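Worksheet: one structure, shown below.
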Amino acid sequence: EKRHDGGIATDVDVAEARTALETTRAQLVDVGVARAQYEHAVGTIANIKLPEFSIPPSPLEGTPPKIPLGVPSQLLERRPDIAVAERRAAAANAQIGIAVSAFYPTISLGGVGGFESTHGASWLQGSSALWSLGAQATELLFDAGQRHALTDQARHNYENEVAAYKSAIFLGFEDVENQLSTVRILESESQAEEKAVSAADRSYELSNVRYKGGVTGYLEVLLAETTLLNNRRTAIDVTTRRFVASVGLIRALGGGWDRTELPK
């Protein structure tokens, strides 16, 4: 606006600068909305009263954790989905034994005893002892194949649960591989983006020198600064995605890559 008032800049320069300003202000508001939502999520997880909870703004610092090579596959046993599938398969296997046991007859025994002699000396003699033993056996004679069908059903259910268990394991390995590749690719992208930020920063500095020397107009500076800001935002976005991918890998492994946390 000062250059415009002095007759050096045009209305186009002023409009371009104002557009960049208002766009940045709108983006700042949008970031504030997302930040408030994340802050509330953290407070809810930490069981803190939300009106009294706040996290002061701070730059994104640090780097994602380094992942050791040769992560043991046994770590996947800690995944809840795999553990549940394994227990369901074990329960289905037990149901086969229950179904097979139904083929055996159920026998109930009951007995009463006494003495018919009135003379105590002869109570233990065979002729005076009165025993009534009854045995009632319910045996499997004909059930129209019901128990065979139930046994077959139990076996098929077991096979189904075993297939689900294998599927859960395969999906677990796929999840781990996806997160590992994402972490590796984003690390390379982050290195390339850092070079892009450095190049954009250098371009912005040169544009400022040219502008102050009267060689170029402010529009070149504005475009160089916009490119620099976009690259910085992309770099921050890549870093954020790297952190998210690291958390995803920890989740995929059931809680990290510490061998001491393997199930006993």
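Small disclaimer: the values here were computed from a predicted structure and weren't measured. Heads up: numbering here begins at 1 and tracks the sequence.
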Task: Ile48 with Ile55, same ILVMFWY side-chain cluster at under 4.5 Å - done: yes
Task: Shortest non-hydrogen contact from Arg35 toward Pro57 - done: NH2-N, 3.2 Å
Open item on the list: Would you compute the distance between atom CG of Asn231 and atom OG of Ser198 and round it to the nearest 0.5 angstrom?
Closed with: 10.0 Å
- [ ] Rounded to the nearest 0.5 Å, what's the gap from OG on Ser167 to CD on Glu174? Could you check?
- [x] 9.5 Å
- [ ] Ignoring hydrogens and angles, tell me if any N or O in the side chain of Asp237 forms a donor-acceptor pair with the backbone of Arg233 under 3.5 Å.
- [x] no
Open item on the list: For Arg202, is the CZ atom crowded, meaning more than 12 foreign heavy atoms sit under 6.0 Å from it?
Closed with: no
- [ ] Please report the shortest heavy-atom distance between Val183 and Ser246, naming the atom on each side.
- [x] CG2-N, 4.0 Å
- [ ] Using the ring-ring contact (aromatic ring centres under 6.0 Å, His included) rule, collect all pairs that involve residues 160-204, keeping only residues at least two apart or in two chains.
- [x] none
Task: Closest heavy-atom pair and its distance - Thr63, Phe243 - done: C-CZ, 3.8 Å
Open item on the list: With rounding to the nearest 0.5 angstrom, report the CG to OG1 distance, Leu229 to Thr234.
Closed with: 10.5 Å
- [ ] Could you tell me whether a side-chain N or O of Thr227 sits under 3.5 Å from a main-chain N or O of Leu223, the two making a donor and an acceptor?
- [x] yes
Task: Salt-bridge present (Glu187, Arg184; N to O < 4.0 Å) - done: no
- [ ] Check Gln179 against Ala252 and note the closest heavy-atom contact, atom names and distance.
- [x] CG-CB, 4.3 Å
Task: Val197 backbone acceptor or donor facing Asp201 side chain under 3.5 Å - done: no
Task: Phe53 side chain near Val42 side chain, heavy-atom distance below 4.5 Å - done: yes
Task: Close side-chain approach of His4 and Asp13, heavy atoms under 4.5 Å - done: no
TODO: State plainly whether one hydrophobic cluster holds both Leu249 and Leu186, where clusters connect Ile, Leu, Val, Met, Phe, Trp and Tyr through side-chain heavy atoms under 4.5 angstrom apart.
DONE: no
Open item on the list: Using a 3.5 Å distance criterion without hydrogens, assess whether the side chain of Asn93 forms a donor-acceptor pair with backbone atoms of Ala89.
Closed with: no
- [ ] Could you tell me which non-hydrogen atom of Thr216 sits nearest to which non-hydrogen atom of Ser207, and how far apart they are?
- [x] CG2-O, 4.2 Å
Task: ILVMFWY network linking Ile169 to Val176, side-chain heavy atoms under 4.5 angstrom - done: yes
Open item on the list: Looking at Val238, is its backbone amide N or carbonyl O close enough to the side chain of Glu193 to form a donor-acceptor pair, meaning the two atoms are under 3.5 Å apart?
Closed with: no
TODO: Mark yes or no for whether Thr24, through its side chain, and Ala20, through its backbone, hold a donor-acceptor pair below 3.5 Å.
DONE: yes
- [ ] Please determine if Arg18 and Glu1 form a salt bridge, counting it only when a charged side-chain N lies under 4.0 Å from a carboxylate O.
- [x] yes
Task: Charged N-O contact under 4.0 Å between Glu159 and Arg155 - done: no
Task: Where Asn178 and Thr182 come nearest, the two heavy atoms and their spacing - done: O-OG1, 2.7 Å
- [ ] List in chain and number order the residues that pass side chain to side chain donor-acceptor pair (under 3.5 Å) with Arg210, two or more places apart in sequence or in another chain; answer none if no residue qualifies.
- [x] Glu220
- [ ] Using a 4.5 Å cut-off on heavy atoms from C-beta on, say whether the side chain of Val162 contacts that of Tyr158.
- [x] yes
- [ ] Find out if a path of hydrophobic residues (ILVMFWY) with successive side-chain heavy-atom gaps under 4.5 Å connects Leu171 to Leu253.
- [x] no
TODO: Give the C-alpha distance, both sets of side-chain angles, the deciding distance and a yes or no for side-chain contact (heavy atoms from CB on, under 4.5 Å) between Arg25 and Val29.
DONE: CA-CA 6 Å; Arg25 284 176 174 171; Val29 173; 5.8 Å; no
Open item on the list: Contact between Arg242 and Glu189 at the side-chain level, heavy atoms closer than 4.5 Å - yes or no?
Closed with: no
- [ ] Can you measure from CD (Glu205) to CG (Asn208) and round to the nearest 0.5 angstrom?
- [x] 8.5 Å
- [ ] Could you grab the distance from atom CG of Asn157 to atom CZ of Arg88, nearest 0.5 Å is fine?
- [x] 10.5 Å
